[in-house]
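Read through the structure below, which is laid out as structure tokens, and then see the notes.
Naming: A, B, ... by sequence-line order, numbering from 1 per chain.
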Amino acid sequence: MKNKFIIKFLAIPIIAKIMLFFTIVGPGLITANIDNDAGGIAIYSVVGAHTGYRLLWILGPITIALVMVQEMCSRMGIVSGKGLADLIREKFGLKVTFYTLILCLFADLGNTAAEFAGIASAGEIFNISKYKTIPASIIFVWLLVTKGDYKIVERFFLVGCSIYLCYIVSGFLSSPDLSAIKSSFLLQDLKSITKDDLPLIVALIGTSITPWMQFYIQSAVVEKGTGIKFLWHSRLDVIVGCILMSLVTAFIIISCAATMYKSGIRIESAKDAALALGPLAGKYAMTLFGIGLFNASLFAAALLPLAASYYVCQGMGWESGIDKSFSEAPHFFSIFTFIVLVSGGLILIPEINLFKILIWSQIINGILIPAILIFIVNLCNDPDIMGEYTNGPMYNFFCYLIIATMLSVNGYLIITSLI
Amino acid sequence: MIEIHDGHFHFSEITNIPLVNEEGIRLGKIKDYFVNYEEVYPSVLAIQYKKNGQFFYLNWEHVKTFSRKKVVVKNEAPVGRSRTYPKINTPKIVTGLLAEQFADPMVEYPAIGKIILDKQIVDTSGKKVVRVNDIQFIQVGHNLRVVHAAVGLKSMIRRLGFEKIISVLQKITTLRPKFLDHETVINWKYVLAVPDQSVQQHVRLSLSLEDFKGLHPADLADILEDLSNKGREAIFRELDPELAAETLSEIDPDMQINLLKNEDPSSAAEIIENMSPEDAADILNEMNDDRADAILAEIDDTDFHDEIKYLLDYEEESAGGLMTPNFFSFNSKLTKEESLQLIRNNPDEAHHNGDIFITDDNGKLIGICSFLDLLITSENLALEQIMHKDDIKSVAPSEHYGEVIDIMNKYNLVNIPVIDQEEKLLGVVFIDELLPWILNEK
């Protein structure tokens, strides 16, 4: 069956090469690319347009944190052969699992809503009303998952994401302010962080290191059945994926800073964000951005609820599996349908501010992720689960440092918004 | 005399309750129970409790009163200080599945919650893998015995502590949906704990074949598919080559490779030798060439080896890849009696959907005869007089499986011979080999 699939596409040479490349990539690359979903693009664009290069340096620590988190989850998947939700359930019991998963599910409702918001925004770029795009995409997503082939979903998503490589080109073409970039990375701008930046910082963390992504990468590694022999192989996969993702992210911020921050343009909608591709595509910037956003949002709208259904069913001990029928795995499909309908429906509410949803869903992620991290680090240190592959002391030190930093940033945000 | 209130309990109801002595001094919080796994319905041996971060245990015989609110023990009852319980050598009357898993030379029991609660178990009667939400105990005489593993929604609600809320809601709305009332439980005698990294630290597991002999390989394959990688490998390793082969044929192709991955070529060859040649060829096709060659080299049965090699030459999705070299093909000059004798001598070649394929001296297919045809012929005729020779349907080995299905459907066939350009009989495709392809499972 695999051969037929590839042979069909060899008729179109370039696409064939890209597809072949993506059949080999590992879970690390996939999850890294998922960062470029609607929420991600929105946050990165806003960071660039509203703060210029000041916050660029944060990408450094975020990338390191992301590599560590994803490495831990892949290692757990390889050594234990079980998913994250399974491990949490077996170690911490039903109560803890239940409340954690409810929180994650709630966050993912927001994330999925953000994807639909992305679809609606992309539609608006082409002047198609959201009352047409949203119902159509709800039906498409539902059919794709219940009747279609999941692997194909993944592959198409990845191909579409390659559009974001355009940001790299655009970044160079936009003649960015190199000295400002340098001073940002040299941490000379630390003093300029105000409390208004805090929501953006939390959102930046939240959109790069989403909770659901960790469940996803561990399940993907388990499904692949990677053996312990290939531990370093998967580490490499994670590192490469994260570096690639950071590159694209950095260039999105740079492009937006160069094109919009300079002129003081503020982003209120997707159309504004498209301006960042101007240097590359000129008057086609809108179209290019629209296509990229639509593709990323549509397929993330399929993948995200799927991942959520998986981890909820795993944790609660219900049957799951995309290749099962509705009667064989009723909870799995019901949860999936519920997420898609509710988040899609949310976007259909008239006058709803799509862009605000994009931003706020990522802030919720940012608040939730330290909690999940605490679980991950705890599980990674348990010799019952990891055998001899537990974290080393230096590794633990950095992990706790990361968690502490995140918690303090979140705490700061909550306090300043309450005052 | 022990005073037990109520008679039936759930693990979630009798843990995290206080343990006090006769004078009311609190000894600690009950965390778990030690039970006698040697029994079909294990009786409670001791109570594990926690005080100041340390674990202790007390034997059941020192309990005075037992209820959901608290447990009272005699003063001065001796206390043990460890997380595991030393094994008692009691005479075995009946052994439960779980007992066989704690084989000698283990001397310490772990507590039951640690092994079973929130873990995956195999339900050998329902033939699937489930996760345990709670454990049911019943009072029998002066003791408590483990009788059921509770899975399902009601036990989940109880464990989460939502029982009161749900019953209040039900009173208000007067709705009593069945799924909230019905308690899904598995009788303890069918429970098989899945070997796990953490459990293995305490016990050495040995699974008796008896448990699995009763299961159909297809059910066993389903169970193995639902387990985690480690559990699957641990159970698979314990199967004898015959059962392993039958089960392997029924398992998802991706998993087949993973399961054989850990075997060295000679043990893998032993398993594969027990499979049918076409199933064996399918698996070897999925592997990378070096590994497949290494295993092929270890196959002692030269006939089987040649059969597989022959089949490996064909594409998996073509008639050649689906056909079996095991069928009856007799020369047309043979008589009915001679044919019946040959069949009696080689019962393994008989396929339940099979026919007898009749060839001439050159191996060319010239006729087909069913077992029924042989049965109803009273005289001892030669096969060429019994057989059907007109309009025999056949396919070429390169024919795609879709075409094969169409032909078999059109002519209502359950098998179809595969012939080469000179009409020599190469093999037969049987319909059960095609079923997974029809259902798109490959």
For Y389(A), all residues meeting side chain to side chain donor-acceptor pair (under 3.5 Å), sequence neighbours excluded: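 If we apply the side chain to side chain donor-acceptor pair (under 3.5 Å) test to Y389(A), skipping adjacent residues, there are no hits.
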Any residue meeting side chain to side chain donor-acceptor pair (under 3.5 Å) with R68(B), in chain and number order, not counting sequence neighbours: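 Residues passing side chain to side chain donor-acceptor pair (under 3.5 Å) with R68(B): D6(B), E13(B).
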More than 12 heavy atoms from other groups under 6.0 Å of CZ on F106(A):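 Atom CZ in F106(A) is not packed in, count stays at 12 or less.
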Aromatic ring proximity, centroids under 6.0 angstrom, F332(A) and Y310(A):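 Yes; F332(A) has its ring centre under 6.0 Å from that of Y310(A).
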Listed partners of Y49(B) passing ring pair (Phe, Tyr, Trp, His ring centres under 6.0 Å), at least two apart: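 For Y49(B) the ring pair (Phe, Tyr, Trp, His ring centres under 6.0 Å) partners, ignoring immediate neighbours, are F56(B).
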Contacts of residues 91-104 of chain A with chain B (heavy atom under 4.5 Å):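 The stretch touches chain B at G93(A), L94(A), K95(A), F98(A), Y99(A).
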Contacting region of D86(A) [heavy-atom separation from chain B under 4.5 Å]: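 For D86(A), the contact with chain B is made by backbone and side chain together.
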Donor-acceptor side-chain pairing of S12(B) and D134(B) below 3.5 angstrom: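 Yes.
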Region of V151(B) that comes under 4.5 Å of a non-hydrogen atom in chain A: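 Answer is neither: V151(B) stays 4.5 Å or more from chain A.
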Rounded distance [0.5 Å steps], CE in M68(A) versus CD1 in I239(A):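 Answer rounded to 0.5 Å: 11.0 Å.
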